[in-house]
Number of protein chains: 2
Amino acid sequence: MPSKPAAPITIDAVYAAPGYLFRRMQQIAVSIFMEECKAFDLTPVQYAALIAIHTHPGIDATRLSAVIAFDRSTLGSVIERLQAKDYIERKPAPEDKRIKLLYLTKSGAAILREIIPAVERAQGRMLEPLKPGDRKALMGLLTQLVDLNNEASRVPLRAEDALEHLGKGG
Amino acid sequence: MPSKPAAPITIDAVYAAPGYLFRRMQQIAVSIFMEECKAFDLTPVQYAALIAIHTHPGIDATRLSAVIAFDRSTLGSVIERLQAKDYIERKPAPEDKRIKLLYLTKSGAAILREIIPAVERAQGRMLEPLKPGDRKALMGLLTQLVDLNNEASRVPLRAEDALEHLGKGG
DNA sequence: TGTTGATTGACAGTATACTGACGATCTGGG
DNA sequence: CCCAGATCGTCAGTATACTGTCAATCAACA
C-alpha cells in the first residue's frame with residue numbers, strides 16, 4: 001500500500017492530532033475538576049500537592065516536584081498559596097539549611113478528607129461518556145504511554161528514586 | 001461483588017486518576033512538540049492558530065477561539081505575538097467596527113509549510129512507545145471522549161457553528 | 001427611532017508551566 | 001581545611017488558561 005499523500009494544511013489535521021486531543025482533554029479535565037470542587041477552592045495541582053505531602057510527610061520541595069511531576073520553579077508559588085490557606089507548614093531541616101520540610105496542618109488534613117468524594121466524582125465524570133470497557137482500555141493505554149514517555153518531559157527525578165531517603169519503599 | 005473499600009488517601013490513587021494522566025500527557029506532548037520545533041520558535045497553540053487562520057482566512061478572534069478550542073481572553077496575547085513575528089495581520093472589518101479580521105502574511109504561510117514536517121514528527125513521537133494497534137485504539141477513544149465531553153469546558157461555540165457565516169461548509 | 005440586549009475585543013486578576021539564572025549551602029577530593 | 005561541583009529554594013521572564021468586567025458597537029424590537 002502506498003503511503004498516504006501529504007495531508008493538506010488544514011485545521012482538520014490538527015483535530016486528529018494526538019497533541020491537540022491531549023490539550024483538549026486536559027482542559028476538559030481541569031474544568032470538570034474545578035466544577036466539582038468549587039466549594040473547596042483547590043486546584044488540581046494544589047490537590048495533588050496536598051495528597052503527596054500527606055503520603056510523604058516531611059518531604060522537601062524538590063522531591064515533591066518529582067513525585068507529582070511538577071516543575072520545581074512553579075512549585076514555589078503553589079506551596080505559598082497552600083501555606084497562605086493554612087493547609088501546610090514549612091519547617092527548616094535541622095541537618096541541611098537549604099531545605100524546608102513540608103507538613104500538612106490539621107486544616108490541610110481535614111480539607112483533604114472532605115474533598116476526596118468531590119474529586120472522585122470529577123474523575124468519574126471525565127470518563128463517563130465512554131462505555132465501561134472503553135474506560136478501562138483508555139486508562140490502560142494512557143498509563144502505559146505516560147510511563148513509557150516519562151523522560152520526555154522535564155521531571156528531574158523518577159518518583160521512586162526521589163523517595164529513597166524517606167524510607168517509604170514498598 | 002462488594003464495592004471496593006474506600007481507597008486510602010495516597011498519592012498512588014492520583015497516579016491512576018484520569019485527571020493526572022491527562023495533565024501528564026499534555027506536559028509530555030508540549031515538551032516533545034517544543035523539542036521538535038525549537039528551530040521555529042512556535043508554541044503548539046501558536047501553530048494551531050496559524051493553521052486555523054490558514055484554513056479560514058479572514059476569521060475573527062472570537063470564532064478563532066472556538067475553532068481551536070482556545071479561551072477568548074488568552075487568544076489576544078497569542079495574536080499579538082504572532083503579529084509581532086509578522087506571521088499574521090489584522091484588518092478591520094468594513095461592515096462591523098468591532099471586528100478585526102485575521103490573515104496569514106507571506107512569512108506566516110512560509111513558516112507553516114516549513115514547520116509541518118517537524119510537527120508531524122512530534123505527533124508521531126508522542127505515540128511511538130505504543131504498539132501500532134494500541135495507537136489507533138487510543139486515538140479512537142480519545143477522539144470519542146473529547147467529542148462527547150466537548151461542552152464540559154468553556155468553549156463558547158462549536159467549531160462548525162462558529163464557521164457558518166464563512167461559507168466553508170463541507 | 002430610541003432603547004435594550006447581545007457581541008467584540010480588551011483588560012485585570014489569578015494560577016499553572018517552563019527556561020535560565022542566582023546566592024546560599026552542602027559534599028567530596030586533595 | 002579549602003575549593004570545585006552539585007543541590008536547594010528562589011526569582012525573572014515568557015506563555016498558556018480561566019473568570020470576570022468593561023466600553024464600543026451592533027442588532028432587534030417596541
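In what follows, chains carry the letters A, B, and so on, assigned in the order in which the sequence lines appear, proteins first and then strands, with residues in each chain numbered from 1.
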task: Identify, between B:D96 and B:E80, the residue whose nearest nucleotide on DNA chain C lies closer to the 5' end.
output: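 The answer here is B:D96.
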Most 5' of B:R98 and B:G76 on DNA chain C, judged by nearest nucleotide: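 Looking at the nearest nucleotide for each, B:R98 comes out on the 5' side.
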Just N and O in the side chain of [X]: are any of them under 4.0 Å from OP1 or OP2 of [N]?
{"X": "A:Q26", "N": "C:dA17", "answer": "yes"}
{"X": "A:R90", "N": "D:dT10", "answer": "yes"}
{"X": "A:R72", "N": "C:dA17", "answer": "no"}
{"X": "A:S31", "N": "D:dC18", "answer": "no"}

- request: Please tell me which of the listed nucleotides, C:dT25, C:dT16, D:dT10, lies nearest to the side chain of A:K97?
  value: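 Selected nucleotide (nearest to the side chain): C:dT25.
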- prompt: Between C:dT8, C:dC26, D:dT16, which nucleotide has the shortest distance from any of its atoms to the side chain of B:T74?
  reply: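 Minimum distance to the B:T74 side chain belongs to D:dT16.
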- prompt: Just checking, is any N or O donor in the side chain of B:R24 or A:N150 under 3.5 Å from an acceptor N or O on the other one?
  reply: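 Short answer, yes.
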field: Interatomic distance where CD1 belongs to A:I88 and P belongs to D:dG9 [whole Å]
entry: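 For the pair A:I88 CD1 and D:dG9 P, the rounded distance is 12 Å.
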field: Length of the line joining A:F22:CZ and D:dT16:C1', which is rounded to integer Å
entry: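 Atom-to-atom, A:F22 to D:dT16, this comes out as 19 Å.
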message: Connecting only ILVMFWY residues whose side-chain heavy atoms lie within less than 4.5 Å of each other, what is the rest of A:Y103's hydrophobic cluster?
response: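 Joined to A:Y103, directly or through intermediates: A:I99, A:L101.
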Under 3.5 Å donor-acceptor pair, A:S73 side-chain atoms to D:dT10 base atoms: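 Not at all, since no donor on one side and acceptor on the other fall under 3.5 Å apart.
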field: Non-neighbouring partners of A:F22 that pass ring pair (Phe, Tyr, Trp, His ring centres under 6.0 Å), sequence neighbours left out
entry: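 Scan of A:F22 (ring pair (Phe, Tyr, Trp, His ring centres under 6.0 Å), adjacent residues dropped) gives none.
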message: Does A:V78 reach a base, just sugar-phosphate, or nothing at all? Heavy atoms under 4.0 Å.
response: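 A:V78: backbone/sugar contact only, no base atoms under 4.0 Å.
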query: So what does B:T43 hit on the nucleic acid, given a heavy-atom distance under 4.0 Å: a base, only sugar-phosphate, or nothing?
result: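 Answer is sugar-phosphate: B:T43 comes under 4.0 Å of backbone atoms only.
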Close N or O pairs between protein and nucleotides 1-4 of chain C (under 3.5 Å):
none

